[in-house]
Amino acid sequence: MNEQRRQILEMLAEGKITADEAERLIDAVERDQPVPPPGAALSPKTRPRYLRVVMDDNSDGGAGRINIRVPLQLLRAGVRLASLVPPQVLIRVNAELDKTGVPIDLTQLKPQHLDDLVEHLDELTVDLDQPDTKMRVYCE
Amino acid sequence: MIPQLVTVRYRRSDGRWLRLFVPVLPVLLVLSPLLLLAVLAGLVACRMFRVSPMGALRGVGRLLWALPGARFEIDDGQLAVLVSVR
């Protein structure tokens, strides 16, 4: 939250201004803020480039390890390639999925939705901890 | 940039490592006649399944371009395999 917005909210909390005035002031502050250039990162930190899957398994007395690094760009390319699957194939896949009790309609899945999904993977962190196994999925 | 070098490391049960460095471009050049056949077969498949051949080519190209940086490492104590694309 920037300083001006905080001041407006404090004035509202203290009863110095009404809610309408606060809304107008916040609108004015937002209008005055510079528009970020297209393509600029939403957050100040650099955007992650890789999806990492790391698993350490010490069960059964042996030390197993899985370390996978997949470029996010590769996921995007895969998603675009998957969008070429013809509709009649998707209908057959839907029918098979339905038979196995997974009622997902793949025809409703648009490339844009999958793109958005990959785009938001950079905020993903999954940690699984067991006494002898640790698994971590994250982006870096 | 398409992948330039694929490194495959394989640890055998006796603990010795087998390392393979595969330079992608020379291998593609050597296999280009087969690659041509594969492209033709792909085009025929695209016609059969009514998929845009240009879209499919573009998709495969994007996939290739995005491969550098990928790394897969699996180690189960006795055996280990590492595949790295640069």
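No hydrogens, no waters, no symmetry mates; every other heavy atom, side chains included, goes into these values. Order of the sequence lines sets the chain letters (A, B, ...), proteins ahead of strands, with each chain counted from 1.
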Output all donor-acceptor pairs under 3.5 Å across chain B and chain A; consider backbone as well as side chains.
residue, atom, partner, partner atom, Å
B:G69, O, A:R69, NE, 2.9
B:G69, O, A:R69, NH2, 3.0
B:R71, N, A:R69, O, 2.8
B:R71, O, A:R69, N, 2.7
B:E73, N, A:N67, O, 2.8
B:E73, O, A:N67, N, 2.7
B:E73, OE1, A:N67, ND2, 3.2
B:D75, N, A:R65, O, 2.6
B:D75, O, A:R65, N, 2.5
B:G77, N, A:A63, O, 3.4

Residue, of B:V85, B:I74, B:L63, B:V51, that accumulates the most heavy atom pairs under 4.5 Å with chain A: B:L63
B:L35-B:I2 co-clustered via ILVMFWY side chain contacts under 4.5 Å: yes
Same apolar cluster (I L V M F W Y, side chains within < 4.5 Å links), B:L34/B:V60: yes
Path from A:V85 to B:F49 over hydrophobic side-chain contacts below 4.5 Å: yes
Nearest heavy atoms of B:P68 and A:P71, plus distance in Å: O-CG, 3.7 Å
ILVMFWY network linking B:V30 to B:V6, side-chain heavy atoms under 4.5 angstrom: no
Side-chain touch B:F72/A:I66, heavy atoms, less than 4.5 angstrom: no
ILVMFWY network linking A:L90 to A:V102, side-chain heavy atoms under 4.5 angstrom: yes
Leading residue by heavy atom contact count with chain B [cutoff under 4.5 Å; candidates A:L74, A:L81, A:V70, A:V54]: A:L74
